Amino acid sequence: MTKLLLSIHVLAAILAVGPVAVAASMFPAAARRDPDPDRPALLVLHRVCRVYAVVGIVVPVFGLATASSLGVLGDAWLLVSIGLTAAAAAVLGLLVLPGQRDALASGAPVKRLAMHTGMFNLLWAVVTVLMIVRPGSTTGA
Ligand code: HEM
């Protein structure tokens, strides 16, 4: 059972978080493109980010299910991961997606958006490493 939950968790991380990371990273450059922003591309990139952000809810849901099945819900590495996942979700929902919306609606500058997107990607990278290294875990290598 744990293996099924973990497989869904990891598959969701690859299929949902991956596309958001790539599309969000491409957005600021497409918005800066001279002479005109590449609007159809921006619309698609924004849509990928929005849709896969929702699909990405599967990642923490199955992460929590995996953790309770393994009995590691109280482990420090997991609690830190949950906090960082929540922070990444907040950066995406409250800064990155609205920033893309503003750039689309009014051509607002994307400097801050590019910075927020970088923060978002960094948070995922840290969580992924934590998931693999599991510092302090006593449940295996
Ligand atoms: C609320 C957030 C999360 C929880 C509760 C959670 C929980 C877990 C648990 C319990 C495991 C199994 C570890 C083990 O085998 O002992 C795991 C593995 C894994 N998680 Fe998460 N996770 C969360 C978020 C994420 C995110 C955001 C990502 C990536 C973007 C991610 C990627 C992975 C990967 C790649 C593994 C496989 C690591 C391995 O088995 O070596 N997780 N997660």
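Order of listing sets the numbers, starting from 1, for every ligand and every atom in it. Please read these numbers as outputs of a predicted model, since none were measured by experiment.
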Q: Indicate the atoms forming the closest heavy-atom contact of L79 with L73, along with that distance.
A: CD2-O, 3.5 Å

Q) So is there a nitrogen or oxygen of W124 less than 3.5 Å from a nitrogen or oxygen in ligand 1? A) no

Q) Mind checking what makes ring-ring contact (aromatic ring centres under 6.0 Å, His included) contact with F120, not counting sequence neighbours? A) W124

Q) Is M131 close enough to atom 21 (Fe) of ligand 1 to have an N, O or S atom under 2.8 Å? A) yes

Q) Considering only heavy atoms of V10, which atoms of ligand 1 have at least one such atom less than 4.0 Å away? A) 34 (C), 36 (C), 37 (C)

(Q) Which of the numbered atoms in ligand 1 are under 4.0 angstrom from any heavy atom belonging to I82? (A) 1 (C), 5 (C)

Q) Do any N or O atoms from the side chain of H116 and from the backbone of L95 form a donor-acceptor pair under 3.5 angstrom? A) no

Q: Say whether F62 and L64 are linked into one hydrophobic cluster, either directly or through other cluster members, by side-chain heavy-atom distances under 4.5 angstrom.
A: no

Q | Single-linkage hydrophobic cluster, 4.5 Å side-chain cutoff, V51 and L104 together | A | yes

(Q) Using a 4.0 Å cutoff against the non-hydrogen atoms of V127, which atoms of ligand 1 qualify? (A) 25 (C), 26 (C), 27 (C)

Q: Could you list all the salt bridge (charged side-chain N to carboxylate O under 4.0 Å, His left out) pairs where at least one residue sits in residues 38-52, not counting sequence neighbours?
A: R33-D38

**Q.** Element-labelled atoms of ligand 1 that are located less than 4.0 Å from some non-hydrogen atom of L70
**A.** 12 (C), 14 (C), 16 (O)

Q | Atoms of ligand 1 close to A67 [distance to a heavy atom under 4.0 angstrom, numbered from 1] | A | 10 (C)

(Q) Using a plain distance cutoff, I'd like to know if H9 has any nitrogen or oxygen under 3.5 Å from a nitrogen or oxygen of ligand 1. (A) yes

(Q) I need the atoms of ligand 1 closer than 4.0 Å to a non-hydrogen atom of L6, numbered in the order shown. (A) 11 (C), 12 (C), 17 (C), 18 (C)

Q. Are the side chain of S81 and the backbone of W77 linked by a donor-acceptor contact shorter than 3.5 Å?
A. yes

Q. Of the backbone atoms (N, CA, C, O) and the side-chain heavy atoms from C-beta on, which set of T85 has a member under 4.0 Å from an atom of ligand 1: side chain, backbone, both, or neither?
A. side chain

Q. Does V72 belong to the same Ile/Leu/Val/Met/Phe/Trp/Tyr cluster as V10, with side-chain heavy atoms less than 4.5 Å apart forming each link?
A. no

Q) Which ligand 1 atoms does A13 reach within 4.0 Å, using its non-hydrogen atoms? A) 29 (C)

(Q) Give the atom numbers and elements of ligand 1 that come within less than 4.0 Å of a heavy atom of T128. (A) 29 (C), 30 (C)

